[in-house]
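Reviewing the structure listed below.
Since we're looking at a predicted model, the values are computed, not measured. These numbers come from the heavy atoms of this one structure, side chains and all, not from hydrogens, waters or symmetry mates.
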Amino acid sequence: MFAEVITGRFADQAKASGAYSLPQSAEVGLPVLDQAHAALLARLNAAHRALMAGEVAKARLQLESLRADMATHFDIEEQIMQALGFPALRQHVRSHAASAAQLDGICRASLGRGTLDVSDLDLCYQGLIDEILRGDLELKSHFQSMGSRPVQRRGA
């Protein structure tokens, strides 16, 4: 079963700029996680650039790298959550599994069709944003409630 995806909320932003980006409000405040989220979106942007250049095989390779990077990220994130005593860890682990299955499903569907479309990448983006907004922002609240403050961006 696929995780519910937020649709339409960020798609216009992604298409307008020609790239996928993480809304500043979705930053957790833990640099290791915020940088990892940015790296995941960078993989997706690389796939988008390759697809726009007509390099479908390269775009697929970027998606495969995204899948591997997501698995590593989820493992690290779960370790951080455990170390911080995050009470919703078990639920979040299930959410990670659903997000990984969703990405696998998108990749399999595109292979089954014999083509990779921008709409496939849009679904990947929506899934990533959904994962961050639904689960990681709960971690942000937990992190803040521990008396820590999120790291402020320079110049903010």
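- For the pair L51 and Q62, the minimum side-chain heavy-atom distance is 4.5 Å or more.
- Within the model, atoms CE of M81 and CG of L30 stand 9.5 Å from one another, a figure rounded to the nearest 0.5 Å.
- Between Y20 and D122 the shortest side-chain heavy-atom distance falls below 4.5 Å.
- Considering every non-hydrogen atom in both C124 and L103, the closest pair reads SG-CD1, 3.3 Å.
- The CD atom of Q82 lies 11.0 Å from the CZ atom of R90; values are rounded to the nearest 0.5 Å.
- Clustering ILVMFWY residues whenever any of their side-chain heavy atoms sit less than 4.5 angstrom apart, transitively, puts V56 in the very cluster that holds M52.
- The backbone N or O of D117 lies less than 3.5 Å from a partner atom in the side chain of D120, making a donor-acceptor pair.
- Residue E55 places its CD atom among more than 12 non-hydrogen atoms of other residues, nucleotides or ligands, all under 6.0 Å distant.
- Side-chain contact check for E77 versus H92: some heavy-atom pair is nearer than 4.5 Å.
- Checked by atom type and distance alone, the side chain of Y125 never pairs as donor or acceptor with a backbone atom of L41 at under 3.5 Å.
- The two residues S99 and F74 come nearest to each other via the heavy atoms CB-CZ, 4.0 Å.
- Contact detail for P23 and I129: the closest heavy-atom pair is CD-CD1, 3.9 Å.
- The backbone N or O of Q126 sits nowhere less than 3.5 Å from a side-chain atom of D130 that would complete a donor-acceptor pair.
- For H73 and H96, the side-chain atoms include no donor-acceptor pair closer than 3.5 Å.
- If you take CG on L33 and CD on E27, they are separated by 11.5 Å, rounding to the nearest 0.5 Å.
- Atoms CG and CG, from L22 and D34 in turn, are 7.0 Å apart once rounded to the nearest 0.5 Å.
- Cluster annotation: L84 and I76 are assigned to the same hydrophobic cluster (Ile/Leu/Val/Met/Phe/Trp/Tyr, side-chain heavy-atom contacts under 4.5 Å, transitive).
- Contact record, R60 with L116: NH2-N, 3.6 Å, taken as the closest heavy-atom pair.
- Taking every heavy atom of both residues into account, A47 and A59 meet most closely at O-CB, 3.4 Å.
- Side-chain contact between R67 and L63 is absent, with no heavy atoms from C-beta onward closer than 4.5 Å.
- The shortest non-hydrogen separation linking L44 to L128 is CD2-CD1, 4.2 Å.
- Of the possible polar contacts, one joining the S65 side chain to the L61 backbone as a donor-acceptor pair under 3.5 Å is found.
- How far CZ of R43 is from CG of N45: 12.0 Å, rounded to the nearest 0.5 Å.
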